[in-house]
Amino acid sequence: MTVQLLNASGCLDALVAPGIAIQLDAFVTKTVTPQAREGNPPPRIVETESGMLNSIGLQNPGIDAFVEEILPRITELGVPIWVSVGGFSAPDYAEVCERLDGQAAVEVIELNLSCPNVEEAPETAAELVAAARAATTKPLYAKLSPATWDVAESARAVAGAGADGLSLVNTIRGLALNPTTRRPNLPRGAGGYSGPALRPIALACVHACARAVALPIVGMGGVTSGDDVLDFLAAGASAVALGTILFSDPLAPSRIRAELSDTGVPAVVVSRHGIHGFVRNSASRHVLSSE
Amino acid sequence: MTVQLLNASGCLDALVAPGIAIQLDAFVTKTVTPQAREGNPPPRIVETESGMLNSIGLQNPGIDAFVEEILPRITELGVPIWVSVGGFSAPDYAEVCERLDGQAAVEVIELNLSCPNVEEAPETAAELVAAARAATTKPLYAKLSPATWDVAESARAVAGAGADGLSLVNTIRGLALNPTTRRPNLPRGAGGYSGPALRPIALACVHACARAVALPIVGMGGVTSGDDVLDFLAAGASAVALGTILFSDPLAPSRIRAELSDTGVPAVVVSRHGIHGFVRNSASRHVLSSE
Amino acid sequence: MSPASTSLSLAGREARRQRLLVTGTEPVGPYTLLRLERGELEPGVPGQFFMLEAPRRVLPRPMSLCQAPPRELTFLIDPIGPGTRALCTLRSGEAIHVLGPLGNGFDLDVDRPVLVAGGIGIAPMPYLAAALGDPPAVLGFRTERHAEAGRLLPGAEIVVEPRLVTELLPNDPCDVLACGPEPMLEALRTRAPHAQLAWEARMACGYGACYGCVVEIDGRNRRLCVDGPVLRNAA
Amino acid sequence: MSPASTSLSLAGREARRQRLLVTGTEPVGPYTLLRLERGELEPGVPGQFFMLEAPRRVLPRPMSLCQAPPRELTFLIDPIGPGTRALCTLRSGEAIHVLGPLGNGFDLDVDRPVLVAGGIGIAPMPYLAAALGDPPAVLGFRTERHAEAGRLLPGAEIVVEPRLVTELLPNDPCDVLACGPEPMLEALRTRAPHAQLAWEARMACGYGACYGCVVEIDGRNRRLCVDGPVLRNAA
Ligand SMILES: Cc1cc2nc3c(=O)[nH]c(=O)nc-3n(C[C@H](O)[C@H](O)[C@H](O)COP(=O)(O)OP(=O)(O)OC[C@H]3O[C@@H](n4cnc5c(N)ncnc54)[C@H](O)[C@@H]3O)c2cc1C
Ligand SMILES: Cc1cc2nc3c(=O)[nH]c(=O)nc-3n(C[C@H](O)[C@H](O)[C@H](O)COP(=O)(O)OP(=O)(O)OC[C@H]3O[C@@H](n4cnc5c(N)ncnc54)[C@H](O)[C@@H]3O)c2cc1C
Ligand SMILES: Cc1cc2nc3c(=O)[nH]c(=O)nc-3n(C[C@H](O)[C@H](O)[C@H](O)COP(=O)(O)O)c2cc1C
Ligand SMILES: Cc1cc2nc3c(=O)[nH]c(=O)nc-3n(C[C@H](O)[C@H](O)[C@H](O)COP(=O)(O)O)c2cc1C
Ligand code: FES
Ligand code: FES
């Protein structure tokens with residue numbers, strides 16, 4: 001069993017860095033919304049002791065420009081494409097999924113149900129998944145927030161609404177202040193907290209959801225090394241995504257594969273036995289298709 | 001304006017370390033439940049890169065032994081006493097609050113509505129606060145979890161139910177694995193994540209709640225220095241509690257006061273203007289009474 | 001010797017990433033000049049930048065190349081926060097990962113170049129001056145102590161606040177290439193419509209991955225690390 | 001010289017906290033002997049422990065006092081994870097915060113003491129042996145390399161696995177004072193009903209604040225840092 005590595009949505013631009021994208025088992029796009037968005041005003045990022053905050057605000061060209069200008073070009077890379085879909089209402093999600101349903105190049109649709117940097121949709125995560133489900137037959141991965149008392153409950157709800165997999169986790173809201181002015185370091189105040197500090201929280205979410213539902217899980221949150229990847233697989237993930245680490249080490253995908261190929265694979269199997277009592281093969285169906 | 005420093009519940013035993021407790025503006029007890037509890041099996045703690053996980057499980061002697069054996073002895077210290085109250089149902093909270101209502105030595109009751117290490121009560125936080133409110137006239141501080149999509153909403157709910165203040169935040173669920181066995185490092189799997197890594201999350205919760213309700217807020221989560229204290233005050237806290245830092249530096253209360261007395265106080269006022277446009281004096285009523 | 005490098009095509013340009021040995025550091029007024037073994041990295045075009053690993057920090061820090069002596073790359077660093085302080089306290093023999101060169105540098109095809117820098121904005125000027133054959137240069141600093149950095153650009157005119165670099169700009173038409181604080185760049189923008197200005201923004205990745213560094217250009221949010229940091233004023 | 005100390009009453013005992021200079025480190029088989037300036041800290045009773053700041057870690061680490069030479073405190077450290085590795089790589093001239101002495105040490109009022117240690121359990125034995133006038137001692141180790149640590153307790157009998165320390169216990173009645181891995185302590189518990197055993201648990205604070213270190217004693221969860229680490233078997 002080889003380990004499936006993806007990028008985390010919004011943490012890699014395949015057109016700017018094709019050499020990195022092709023090292024992945026699948027490339028996940030930045031979240032696409034129905035209309036083009038300029039995103040939030042700068043500054044958009046600030047570093048913390050063991051993570052970072054971002055307030056990008058889903059800057060993207062909108063679904064039309066994405067399908068016409070971007071999708072054809074990333075398709076040429078020959079890497080399986082996962083499109084991250086966002087919106088501000090159930091019809092938004094349905095509209096974008098419908099546009100993507102006819103695109104053969106799109107292997108999986110990841111529903112960003114949990115961006116902390118924009119106003120949320122009035123509907124529940126399950127309602128948004130149901131709307132997307134009605135609009136496409138493509139595999140749907142529901143991306144959940146760790147900012148919930150019982151993430152396993154959310155997992156059961158989106159599974160019931162037709163999700164084929166889970167992406168865990170998105171960022172959680174965090175705040176940092178400028179040490180001189182004591183004002184928030186980002187114009188909107190809070191931003192999305194990512195990086196190593198998020199890892200224990202993400203691992204707890206993966207662990208809880210792997211016990212609650214039989215869906216494959218793409219684990220992410222502060223992964224920096226092969227060792228971290230093994231932790232996520234042990235917790236119940238069937239694939240792992242790299243986010244913040246790509247900013248400091250764009251070569252992380254190849255480095256991590258090398259770290260895993262040393263002692264990794266047996267450890268994976270052992271460890272997943274350790275956690276699940278059995279290896280969840282079904283867990284990898286979509287991602288394994290990229291082999 | 002002097003800065004009010006408390007300990008975080010469960011992070012200091014005033015009977016074992018009286019010299020530390022008397023340096024505080026108020027001593028907060030470990031959470032007390034109706035019945036005695038032995039807590040969770042060891043190991044109960046594990047360190048992470050920038051925080052720690054705990055799974056103590058509310059070990060405590062129960063309200064009767066607390067009132068008869070412990071309360072009289074901590075009263076002798078002459079420090080204002082805040083009692084943290086926990087339970088597994090609304091009647092539990094009501095019972096413990098009722099027992100404490102007659103205890104003159106108890107200045108504030110903090111309701112632990114969010115322990116990640118025990119089964120939760122079936123009622124909502126607001127229902128638990130309402131039950132406690134009916135059982136006592138003492139000031140009630142509602143301690144909320146950061147593991148919620150909209151903490152400001154929870155704050156409004158508990159304020160509506162009669163809370164006099166907020167304690168923000170409790171730990172959030174986290175998981176760590178043993179690098180050799182890849183099994184969870186704590187028997188129950190997840191534990192409560194605390195320490196520096198929690199700070200940006202805690203600051204975001206304080207910031208959101210200070211805007212949503214007019215209640216005084218005891219801010220906590222990864223405070224290690226006077227600088228961190230100023231961040232919490234700037235975010236809208238009226239007092240600050242020290243938790244994990246007490247494990248590595250039992251002298252943190254005096255050290256932090258020294259750090260604040262250097263450049264602190266003006267910075268506080270400036271910064272809180274910066275955030276609120278005015279200093280929320282009302283915010284400090286219960287804690288200031290300890291002066 | 002530094003371990004092997006890997007080459008990457010980023011935004012259509014070749015960059016390399018390598019762990020480079022620190023060959024030395026020296027104070028320059030309040031700044032620190034950090035000298036690194038060049039390894040297999042190209043110095044690139046003046047005004048391009050590199051992402052330097054900041055020890056014990058989560059994110060690397062963008063730094064303009066200051067000088068390109070044989071087999072070395074040097075960076076002039078202003079210790080304003082945790083990342084730059086960590087970089088300034090590096091010692092010879094330690095090593096950090098460096099990625100670059102990145103971004104758009106200055107267009108060197110100019111007739112009457114005049115270099116203008118404010119404060120730490122002097123950082124890219126020595127390498128730029130060398131490429132243009134030491135054109136006239138004016139430097140502005142906050143204090144006499146900061147002005148000590150002027151020695152990195154011999155022959156440059158130097159002003160210290162309250163005087164401003166704009167006072168020293170020649171009146172006859174010239175090609176301004178500038179780097180410095182935003183107020184200075186804004187002032188130049190009005191004074192010299194065709195100036196090439198090197199802007200700053202907080203950057204997480206430096207190669208177009210995070211969208212953290214956007215600045216508004218013609219009403220659109222563009223990534224400064226890809227479309228800049230040097231922008232033609234009129235553009 | 002180390003900066004001033006502060007004294008604290010913890011669990012009814014006097015302890016002090018001070019930032020102590022590292023005076024040296026030396027390898028002892030696979031372990032490292034860390035030497036610290038004593039400052040104003042008391043060495044305490046053999047079997048008591050200290051909380052040592054582990055550089056760049058969130059929590060300090062509990063360590064038994066190994067030796068108390070004039071004006072020094074020494075600790076024998078097994079590098080099994082990030083905290084102990086950080087402690088083993090400290091260099092002379094660096095300094096760490098130390099809190100102690102903490103907990104219940106050994107009761108030295110014994111007639112026929114025999115010291116028993118397994119692996120890193122040898123750590124408290126040199127200080128204990130000095131206090132008891134070098135009584136007989138038996139040490140067990142996993143490998144010959146680990147057994148090198150035996151030199152810290154001259155005259156002790158040493159066994160290496162598969163042989164076990166319990167094989168060397170005198171048959172006539174004696175007072176066992178032991179430290180080592182749980183299986184060894186459990187074996188001694190049955191062999192020597194009145195043995196004094198030094199137990200281990202993960203500790204966050206070391207002074208009774210966190211309830212992280214509990215062990216079951218007579219069916220109750222008790223804090224090992226306050227009620228131990230040395231427990232009388234029968235108790
Ligand atoms: C293309 C480019 C080239 C640069 N070249 C140099 C150089 O040659 N020498 C040099 O000393 N610095 C240079 N900088 C600026 C340098 O990258 C920042 O000062 C550094 O990232 C700050 O990190 P820190 O952790 O020390 O401070 P932080 O804690 O990150 O920031 C300290 C203060 O500076 C502000 N700040 C942070 N990053 C930036 C930024 N990028 N621009 C403006 N303000 C910022 C923050 O808001 C905060 O108030 C360059 C920046 C860019 C974008
Ligand atoms: C009273 C007391 C005295 C001690 N004296 C010494 C001493 O003199 N020399 C010495 O080398 N060590 C001593 N220890 C053990 C030492 O404190 C731990 O090995 C250390 O805390 C591990 O930290 P780490 O970060 O290196 O490893 P971690 O990553 O914390 O742990 C590495 C592995 O060891 C296990 N572990 C962690 N802490 C403990 C513990 N306290 N007991 C048993 N297993 C643990 C973990 O489960 C993990 O599997 C003592 C412990 C106690 C409680
Ligand atoms: C700069 C930045 C931009 C992001 N943009 C998106 C996005 O557009 N859509 C999304 O679903 N998640 C987005 N995320 C969240 C990541 O996909 C990922 O869930 C999170 O960062 C945790 O992983 P990490 O700790 O490895 O970064 C973004 C994260 C960062 C840091
Ligand atoms: C070991 C430990 C025990 C705790 N016990 C309690 C408790 O009994 N009741 C409670 O409300 N919070 C408890 N907490 C949470 C703290 O009060 C505090 O909310 C949290 O640790 C965040 O602060 P910190 O990061 O400064 O530790 C405990 C935390 C720790 C680390
Ligand atoms: S710094 Fe990441 S996109 Fe420019
Ligand atoms: S280690 Fe904290 S109570 Fe024992």
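This one's a predicted model, so the numbers in the text were calculated from it and none came from an experiment. Reminder, nothing fancy here: chain letters follow the sequence lines and each chain counts from 1.
For the pair C:A204 and A:F247, the tightest heavy-atom approach, listed with the atom from each and the gap, is O-CB, 3.5 Å. Among all heavy-atom pairs drawn from A:P250 and C:L99, the shortest one is CG-CD2, 4.0 Å. The nearest pair of heavy atoms linking C:S9 to A:P18 is O-CD, 3.9 Å. Of all non-hydrogen atoms in C:Y207 and A:V16, the two that sit nearest each other are O-CG1, 2.8 Å. Scanning all heavy atoms of the two residues, the minimum distance from C:Y211 to A:R44 falls at O-NH1, 2.9 Å. Closest heavy-atom contact between A:S248 and C:R17: O-NH2, 3.3 Å.
Ranked by heavy-atom pairs shorter than 4.5 Å toward chain A, the options C:M51, C:H97, C:R223 are led by C:R223. Ranked by heavy-atom pairs under 4.5 Å with chain C, the first of A:G195, A:G51, A:S55, A:S254 is A:G51. Between chain C and the residues A:P179, A:C11, A:G19, the most heavy-atom pairs under 4.5 angstrom are made by A:C11. Between chain C and the options A:I245, A:N7, A:L12, the largest number of non-hydrogen pairs under 4.5 Å is found for A:L12.
Contacts of C:A201 with chain A are absent, with no heavy-atom separation under 4.5 Å from either backbone or side chain. Both the backbone and the side chain of C:L10 have a heavy atom closer than 4.5 Å to some heavy atom of chain A. Heavy atoms of A:T48 lying under 4.5 Å from chain C belong exclusively to its backbone. Interface residue A:Q59: only side-chain heavy atoms are found under 4.5 Å from chain C. At a 4.5 Å heavy-atom cutoff, the contact between A:N40 and chain C is made by backbone atoms alone.
More than 12 heavy atoms of other residues, nucleotides or ligands shown are found within 6.0 angstrom of CD on C:E186. A 6.0 Å sphere centred on CZ of C:R13 holds more than 12 heavy atoms belonging to other residues, nucleotides or ligands. More than 12 heavy atoms of other residues, nucleotides or ligands shown are found within 6.0 angstrom of CD on C:E26. For C:E94, the CD atom sits in a packed shell: over 12 heavy atoms of surrounding residues, nucleotides or ligands are nearer than 6.0 Å. Other residues, nucleotides and ligands contribute only 12 or fewer heavy atoms inside 6.0 Å of the CZ atom of C:R220.
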Next on the checklist: Would C:R202 and A:N185 count as a side-chain contact (heavy atoms from CB on, under 4.5 Å) here? Give the steps.
Outcome noted: CA-CA 11 Å; C:R202 287 191 226 171; A:N185 230 317; 2.9 Å; yes
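The line from CG of A:L246 to SG of C:C210 is 11.0 Å long, rounded to the nearest 0.5 Å.
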